[in-house]
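The sequence lines fix the lettering, A, B, ..., with proteins before strands; numbering per chain opens at 1.
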There are 2 protein chains.
Amino acid sequence: MKEGPDIAQIGALIGDPARANMLTALMGGRALTATELAEVGGITLQTASTHLSKLEAGGLLAQRKQGRHRYFALADDGVGKLLENIMGFAATRGHLRHRPGPKEPALRKARICYDHLAGDYGVRMLDSLIASGAISALDDGLSLTERGETQLTSIGIDVTGLRSTRRPLCRSCLDWSERRAHLAGSLGKALLSNFFDKGWARRTENSRSILFTSEGERRFLALFPIEAGEMDRG
Amino acid sequence: MKEGPDIAQIGALIGDPARANMLTALMGGRALTATELAEVGGITLQTASTHLSKLEAGGLLAQRKQGRHRYFALADDGVGKLLENIMGFAATRGHLRHRPGPKEPALRKARICYDHLAGDYGVRMLDSLIASGAISALDDGLSLTERGETQLTSIGIDVTGLRSTRRPLCRSCLDWSERRAHLAGSLGKALLSNFFDKGWARRTENSRSILFTSEGERRFLALFPIEAGEMDRG
DNA sequence: TTCATACTTCGATCGTAACCGAAGCATCGA
DNA sequence: TCGATGCTTCGGTTACGATCGAAGTATGAA
């Protein structure tokens with residue numbers, strides 16, 4: 001009976017609403033202090049502290065002391081990947097947190113998914129990259145083509161540099177709002193950074209949603225066009 | 001704050017030890033009755049019944065009435081995939097259920113992972129298929145080559161039939177014991193069925209481990225050889 | 001030093017959910 | 001029709017863990 005890894009432990013860690021809120025907030029990619037996390041969890045600092053030590057002991061979080069602050073972040077992108085996975089699953093089963101506030105549409109349009117672009121725009125970007133032959137989609141997984149390498153290098157992505165890292169270049173990640181894949185992996189991360197660097201978009205303070213400038217949006221849509229007849233997919 | 005899918009709900013569902021045990025048992029792929037699941041969960045039938053309704057309401061399980069029995073199974077292979085994912089993660093964080101009984105080595109050697117082969121043998125099989133050029137591994141994902149299609153058809157796999165199903169042919173799945181990928185997807189399932197059909201191996205009653213006959217083991221190892229110098233990977 | 005801020009630890013309370021005994025319902029075989 | 005089996009529902013108990021107030025520790029600023 002007692003076989004294999006214990007899924008109950010991490011299930012329980014993620015299963016508490018306060019902890020889940022904190023983890024979701026940390027999916028934004030930046031490190032947050034205990035006080036900030038207490039806020040997003042809707043609990044006092046003491047309680048948050050207890051939760052955070054549990055999450056750290058469980059290997060989900062890593063902390064970094066900086067002066068009298070303690071910054072918490074997801075332990076590594078394995079954790080991000082896991083949470084994305086669960087989110088994707090939760091979305092397919094209709095487990096939505098029922099407070100669809102005004103930010104919900106913005107979140108569906110474009111948001112950060114740990115370190116890459118997700119939402120309508122994320123899905124569109126991947127679709128377009130596949131349609132243009134920059135990325136080829138196989139049974140399960142994505143691969144950058146030579147043509148794609150040329151194209152992305154021309155817009156300022158250091159593809160050869162990315163290739164030298166351990167992290168996979170292309171990964172697909174199921175988008176919970178669109179229920180279709182968007183691009184993750186080091187390439188996904190680099191593309192989003194590229195948009196930030198160019199001033200096309202910026203993060204929001206208290207949300208995972210990404211705001212495009214009107215100019216940035218125009219350029220983004222021009223760079224990743226959707227072919228006619230492709231609108232009805234999915 | 002209240003953004004996106006609720007990971008807490010499924011976290012909580014998986015987070016209870018009794019439920020986690022039942023789900024793990026169902027990873028074996030076959031449907032089990034409420035009574036059997038109560039047994040593996042180490043709880044009474046009443047309690048199990050409550051748990052099972054929660055899991056069903058949460059979309060993790062599906063039940064099928066058959067006479068006065070009620071068979072429970074994972075709702076679909078999305079659930080299996082999710083659980084595998086969490087197991088893989090749990091294994092990397094050292095969350096092992098500490099009762100490494102006598103079955104543990106058998107489990108590491110060969111076990112069923114929802115519907116396909118996992119463990120040392122599962123990893124070996126994929127390695128061998130990649131080495132022989134039957135499957136090509138890309139940044140993230142696997143793809144069956146023409147050569148592979150020929151090879152697998154010759155041992156009795158209906159590849160064209162599998163292609164017609166909705167389910168992806170090749171998927172990689174992180175093996176928690178080996179910490180490397182093995183083959184999932186409809187092809188992974190078909191291969192394991194093939195071994196069963198040929199009498200090379202069989203399932204065990206109360207465990208996810210797979211027992212090879214000595215003849216079956218010999219043939220399996222011959223069919224999926226490991227090239228010299230490849231032993232030290234991983 | 002002294003005070004303020006950021007956080008942790010302690011101790012106690014409280015709510016929820018896991019749990020089981022008992023009773024109820026459904027299906028099957030005789 | 002009757003009893004046996006498989007499972008669910010009900011009711012009450014219990015235990016665990018989330019929660020917070022209060023006190024304690026660490027860092028920085030004055």
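- Following rounding to the nearest Å, A:L52 (CG) and C:dA6 (C1') show an atom-to-atom distance of 13 Å.
- Rounded to whole angstrom, the span from the CG atom of A:L61 across to the P atom of C:dT8 amounts to 12 Å.
- Within the 4.0 Å cut-off from OP1 or OP2 of C:dA26, not a single side-chain nitrogen or oxygen of B:K65 is found.
- With contacts defined as side-chain heavy-atom distances shorter than 4.5 Å, the pair A:I10/B:F89 qualifies.
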* Per-nucleotide protein contact string for nucleotides 11-23 of chain C, where B marks a base within reach and S marks sugar-phosphate only (heavy atoms under 4.0 Å, - for neither) -> -------SSBBB-

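- One can place NE2 of B:H69 at 12 Å from P of D:dT5, the figure rounded to the nearest angstrom.
- Using a 4.5 Å heavy-atom threshold, the side chains of A:N21 and A:L37 count as separate.
- Residue B:S53 is out of contact with every strand shown, counting any heavy-atom pair closer than 4.0 Å.
- D:dT27 atom C1' lies 14 Å from atom OH of A:Y71, rounded to whole Å.
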* To do: I would like to know whether B:Q46 and B:T44 meet side chain to side chain donor-acceptor pair (under 3.5 Å); could you show each step before the answer?
  => CA-CA 5 Å; B:Q46 306 94 289; B:T44 62; 3.2 Å; yes

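- Comparing B:A48 and A:Q66 against DNA chain D, the residue whose closest nucleotide sits nearer the 5' end is B:A48.
- A salt bridge links A:E217 to A:K109: one of the charged nitrogens lies within less than 4.0 Å of a carboxylate oxygen.
- Atoms CG (A:N21) and P (D:dA18) sit 14 Å apart, rounded to a whole Å.
- In this structure, B:F224 has its ring center no closer than 6.0 Å to that of B:Y121.
- One can place CZ of A:R70 at 19 Å from P of C:dT5, the figure rounded to the nearest angstrom.
- Of the charged side-chain nitrogens involved, at least one lies within less than 4.0 Å of a carboxylate oxygen, so that B:R93 and A:D76 count as a salt-bridged pair.
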